[in-house]
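The analysis underlying the following values was restricted to heavy atoms, covering all of them including side chains, and did not include hydrogens, waters or symmetry mates. The chains referred to below are lettered A, B, ... by the order of the sequence lines, with proteins before strands, and numbering in each begins at 1.
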Amino acid sequence: MLRTHTCGELREEHVGERVTVCGWVQNRRDHGGLLFLDLRDRYGVTQVVADPDAGDAAAAADRVRLEWVVRATGTVRARPDENRNPDRATGAVEVMLDEFEVLSRADPLPVAVTGAERSAEELGLRYRYLEMRRPEVLRALETRAHVNRVIREFVHENGFVEVETPILLRSTPEGARDYLVPSRVHPGAFYALPQSPQLLKQLLMIGGLDRYWQIARCFRDEDLRADRQPEFTQLDIEMSFVDEDDVQALMESLLRRLVSEITGQDIALPLRRMSYAEAMARYGSDKPDLRFGLEIHDVSDVLAECAFGVFSGAVRDGGIVRCIALGPDHTLSRKQLDALPAVVVDRGARGVAWVKVREEGWSGPAARHLSDGEREALTAATGCAPGGTLLFLAGPRRIVEPAAGDLRLHLGKTFGLRDPRRFEALWIVAAPLFESDPESGRLLAMHHAFTAPRAEDVALLEREPLAVRARAYDLVLNGDEIAGGSIRIHDRELQSRIFGLLGISEKDAEHRFGFFTEALRYGVPPHGGIAWGLDRVVASLAGREQIRDIIAFPKTTSAADLMCQAPATVDEDQLAELHIGVTPDA
RNA sequence: GGGGGUGUAGCUCAACUGGUUAGAGUACCAGACUGUCGAUCUGGAAGUUGCGGGUUCGAGUCCCGUCACCCUCGCCA
């Protein structure tokens, strides 16, 4: 070892010991005679003092510059009381230098490693290995490793078998766009990178593995967001001879352990189960953030006959009116009220009507249209009190519900109600099995084509497919969907019916999933599972908004790696070998 | 593919309505200084204002185009 101690561990108990520490020079303070160096490594910062009496060592130390890598040997000394640094774990001691070695010199850095100001994200991505030296980045990567470690312990205790599934797979046209890999041996043929190991884990159940897990890298060629990378990581789990309660009970105990281990906080089990319909109605979202209230009230009936045409008209046209009631402690300025329509316009909502509730009477643009009876009924429905504000959205359900959800989140943000130190989780269950494609009117699988319908809804499959509920469950933490799964179809007849409803013919199914549908003929255990979006889990536990922060080498929103400059063009020879010709962009 | 934001010294940022030689902090270079921890003090070097075009006597600033990054809608079974 080049060192006897790290830069984070020296304390008063080490006083008098001769030690060697290695690290990056984070700061140097040159007093002409005395020289102070702050040496940094992953574990902390230690002050090294070079006294002119140290001779060659002091002279060598005098020549160092920021971010050089050095090795310093000396005796640990207690600092005089007035020179202690209480902000630093090692601040009671310092190393009196007697031997010094420069391990590596450094040019001035192109990104800011120390200090409060962080360099532009573009630079941080280009020089990710330098930005990584920032303690908060190192901490995030440590948190990620900690999460993985807790998961490994958990799945081991619970009898899961880790299986690695192929990265080079077959493309299946459903779902997201695939990343493709050309085959050299088979001209014109391509592998696809997995969007998730869905079919493979079901096949593992058919193979009798019973309990499978894997930390699986997944790839989707779609546009990116703060919480979406082209390659991302799933904790993938599948279990045989279970129902949804079994999967949920086990998985929520894993969540509880993760939250406890990473943040020291406790979440109460069992988690609440909320139906998809209830979540959409009360929170306007299939992933409600339960850290704050501001629930959405259905006031359609109350305002069905309202003199205000925006309300009554919406109801008459089969739509709904939704209301959020703000208490006296949450007031919005006129400017803030005027800015609300911009929050919901993305969802197609026309605007936000508002009323101020006052002892002396109601005011605001919508107030004069409300009859005394309607005011009474609104007060009863929303619990609004004098000093409060009522916000209304009216229109078709498919627009108003999510718009009200966006509005609720906006208000939660505005009033600082989303406490980053709190963790509120729940299950969203009984989502529809299908949704209707707004363009073609075709049925689409809401989760995926292998999700089982609820037994009591199977009779509705052909008659009223949109009413069929799935045996699916999503795990939501602080408004993020962190895991989603389902009980799968293990009956080949039922699977054929579902394919039929999705417009996948017998022949199509044979062509696309033949290997899988055939497997359904040979004895399938009832099974189900779940996939966790591990990046989001880690980001949430680490209190980060962007998953880029908890990925060692992330990509940009155009799916580029600024560090290694991927993607990049390749030699003509390579293309020829792969039987590929590139068409110039028109 | 659409909408919004950002782009000035190695880094973080200034530059009023278009107007002198584009400034400051920090890093870097040189010097001074024996208890600092954002050390201090003195001096120096450092710029294709993302790129291209246009308007103007004059453009960092206005206009058009383009590129990169960030946020977002669509998309992500």
Side-chain angles (χ1 to χ4, degrees), chain A residues 26-40 45-54 58 65-67 77 79-88 90-91 94 96 106-127 130-131 172-178 195-196 198-199 218-230 232 342-343 345-348 402 406 431 433-435 437-439 442-451 470 472 481 484 486 498 502 504 512 531 533 545-546 548 554-560 562:
Chain A
Q26 172 164 301
N27 198 2
R28 70 190 282 278
R29 293 175 294 277
D30 185 352
H31 286 250
L34 277 182
L35 172 72
F36 300 95
L37 296 181
D38 289 339
L39 254 50
R40 183 197 69 240
V45 178
T46 292
Q47 174 164 288
V48 173
V49 187
D51 190 281
D53 297 344
R65 291 297 180 264
L66 299 193
E67 297 302 315
R77 189 171 82 167
R79 299 200 204 175
D81 281 346
E82 65 275 19
N83 291 330
R84 291 175 173 231
N85 185 342
D87 299 330
R88 204 171 266 173
T90 61
E94 59 197 2
M96 292 302 294
D107 289 346
L109 262 46
V111 296
V113 166
T114 58
E117 54 192 25
R118 190 163 169 173
S119 290
E121 289 194 64
E122 198 171 348
L123 279 171
L125 292 174
R126 165 80 178 81
Y127 297 100
L130 295 180
E131 178 153 76
T172 52
E174 300 275 302
R177 205 174 289 118
D178 283 319
Q195 297 180 22
S196 84
Q198 181 60 35
L199 293 179
C218 303
F219 306 85
R220 293 180 189 174
D221 187 4
E222 298 291 347
D223 286 344
L224 308 184
R225 292 286 188 284
D227 62 350
R228 269 166 27 194
Q229 283 272 304
F232 62 100
V343 176
V345 74
D346 277 347
R347 297 289 189 176
D406 283 359
L433 187 64
F434 302 111
E435 59 188 335
D437 183 343
E439 282 164 32
R442 273 183 50 213
L443 287 181
L444 299 174
M446 193 134 158
H447 193 50
H448 54 57
F450 314 100
T451 299
E481 184 199 322
S486 64
I498 301 288
L502 291 170
I504 303 171
R512 298 174 186 181
E545 297 280 334
Q546 304 181 330
R548 269 193 302 274
K555 292 184 173 56
T556 68
T557 43
S558 62
L562 295 181

Could you measure between the two C1' atoms, the one in B/rG38 and the one in B/rG74, and give it in whole Å?
47 Å

Using atom NZ of A/Lys555 as one end and atom C1' of B/rA68 as the other, report the distance to the nearest whole Å.
17 Å

Could you tell me how far B/rG31 sits from B/rA68 if I compare only their P atoms? Round to whole Å.
45 Å

Gap in Å between the two P atoms, one belonging to B/rG54 and one to B/rA59, rounded:
12 Å

Report which part of the nucleic acid A/Gln198 touches: base, sugar-phosphate, or nothing (heavy-atom distance under 4.0 Å, all strands).
base

Rounded to the nearest angstrom, tell me the gap between atom CD in A/Glu545 and atom P in B/rC70.
16 Å

Please give, in whole Å, the distance from B/rC75 P to A/Asp178 CG?
18 Å

Assert: residue with more 5' nearest nucleotide on RNA chain B, out of A/Ala560 and A/Asn85, is A/Asn85

The reported gap from CG in A/Leu562 to CG in A/Leu123 (rounded to nearest 0.5 angstrom) is 9.5 Å

At less than 3.5 Å, do the side-chain atoms of A/Arg548 and the base atoms of B/rC70 form a donor-acceptor pair?
no

Any donor-acceptor N/O pair under 3.5 Å between B/rC76 base and A/Arg220 side chain
no

Checking A/Thr556, A/Asp221, A/Thr557, A/Leu224 against A/Pro230 for side-chain contact (heavy atoms from CB on, under 4.5 Å), the one that qualifies is A/Leu224

Can you tell me, in whole Å, how much space there is between the C1' of B/rA15 and that of B/rA24?
11 Å

Confirm from the modelled atom types if A/Arg79 and B/rU36 form a donor-acceptor pair under 3.5 Å, side chain to base only.
yes

What protein N or O atoms touch nucleotides 1-3 of chain B N or O atoms at under 3.5 angstrom, if any, and at what distances?
from	atom 1	to	atom 2	distance (Å)
B/rG1	O6	A/Asp223	OD2	3.3

Expressed in whole Å, how much space separates the P atoms belonging to B/rG19 and B/rU61?
11 Å

Polar-atom pairs under 3.5 Å, protein N or O versus N or O of nucleotides 30-33 of chain B: list them with distances, or write none.
from	atom 1	to	atom 2	distance (Å)
B/rC33	N3	A/Asp30	O	3.1
B/rC33	N3	A/Gly32	N	3.1
B/rC33	N4	A/Asp30	OD1	3.4
B/rC33	N4	A/Gly32	N	3.3

Contact class for A/Ala176 (heavy atom, under 4.0 Å): base, sugar-phosphate, or nothing?
sugar-phosphate

N-O pairing of A/Arg40 and A/Asp38 below 4.0 Å
no

When rounded to the nearest 0.5 angstrom, what distance separates CG in A/Leu444 from CG in A/Leu433?
11.5 Å

Can you tell me the pairing partner of B/rC16 across any strand shown, Watson-Crick or G-U wobble, with both distances under 3.5 angstrom?
none

In whole angstrom, what separates A/Arg228's CZ from B/rC75's C1'?
7 Å

In Å, rounded to the nearest 0.5 Å, how long is the span from CD of A/Gln47 to CZ of A/Arg84?
13.0 Å

Should the heavy atoms of other residues, nucleotides or ligands under 6.0 Å from CD of A/Glu222 be counted, would the total exceed 12?
yes

Which value, rounded to the nearest 0.5 Å, describes the distance between A/His448 atom NE2 and A/Leu199 atom CG?
8.5 Å

Both distances below 3.5 Å, Watson-Crick or wobble geometry, any strand: find the nucleotide opposite B/rA30.
B/rU42

In whole angstroms, the gap separating P of B/rC75 from CE of A/Met446 amounts to 13 Å

Quote, to the nearest angstrom, the C1' distance that separates B/rA45 from B/rG10.
13 Å

Using the P atoms only, state how far B/rC64 lies from B/rG23, rounded to an integer number of Å.
30 Å

Send over the distance from A/Glu222 CD to B/rC73 P, rounded to a whole Å.
14 Å

Rounded to whole Å, please give me the gap between CG in A/Leu35 and P in B/rU40.
15 Å

The reported gap from CG in A/Asp107 to CD in A/Glu67 (rounded to nearest 0.5 angstrom) is 12.0 Å

When you check the phosphate oxygens OP1 and OP2 of B/rC71, does a side-chain N or O of A/Gln546 lie under 4.0 Å from one of them?
yes

Which part of the nucleic acid, if any, lies within reach of A/Gln229 when heavy atoms closer than 4.0 Å are counted: base, sugar-phosphate only, or nothing?
nothing

Pairwise P distance for B/rA14 and B/rG65, with rounding to whole Å:
26 Å

Salt-bridge criterion met for A/Asp223 and A/Arg228 (N-O under 4.0 Å)
no

Enter the distance from A/Phe434:CZ to A/Thr451:OG1 here, rounded to the nearest 0.5 Å.
9.5 Å

Pair A/Arg126 + A/Glu131: basic N to acidic O under 4.0 Å:
no

Categorize A/Thr114 for me: base, sugar-phosphate, or nothing, with a 4.0 angstrom heavy-atom threshold over every strand shown.
nothing

Here the distance between atom C1' of B/rG74 and atom CG of A/Leu224, to the nearest Å, is 14 Å

Just to be sure I understand the rule, does A/Leu444 reach a base, reach only the sugar-phosphate, or reach nothing, if contact means heavy atoms closer than 4.0 Å?
nothing

Options B/rC69, B/rC37, B/rC28, nucleotide nearest the side-chain atoms of A/Leu66:
B/rC28

Considering all heavy atoms of both residues, which atom of A/Leu34 and which atom of A/Pro52 are nearest to each other, and what is their separation?
N-CD, 4.3 Å

Side-chain heavy-atom pair A/Gln195, A/Asp178 within 4.5 angstrom cut-off:
yes

Any strand counts, and the cut-off is 3.5 Å on both contacts for Watson-Crick or G-U wobble. Which nucleotide pairs with B/rA9?
none

Contact string for nucleotides 10-15 of chain B, one letter per nucleotide 5' to 3', B = base within protein heavy-atom range under 4.0 Å, S = sugar-phosphate only, - = neither, reads SSS---

A/Thr556 side chain N/O closer than 4.0 Å to the phosphate oxygens (OP1, OP2) of B/rC69?
yes

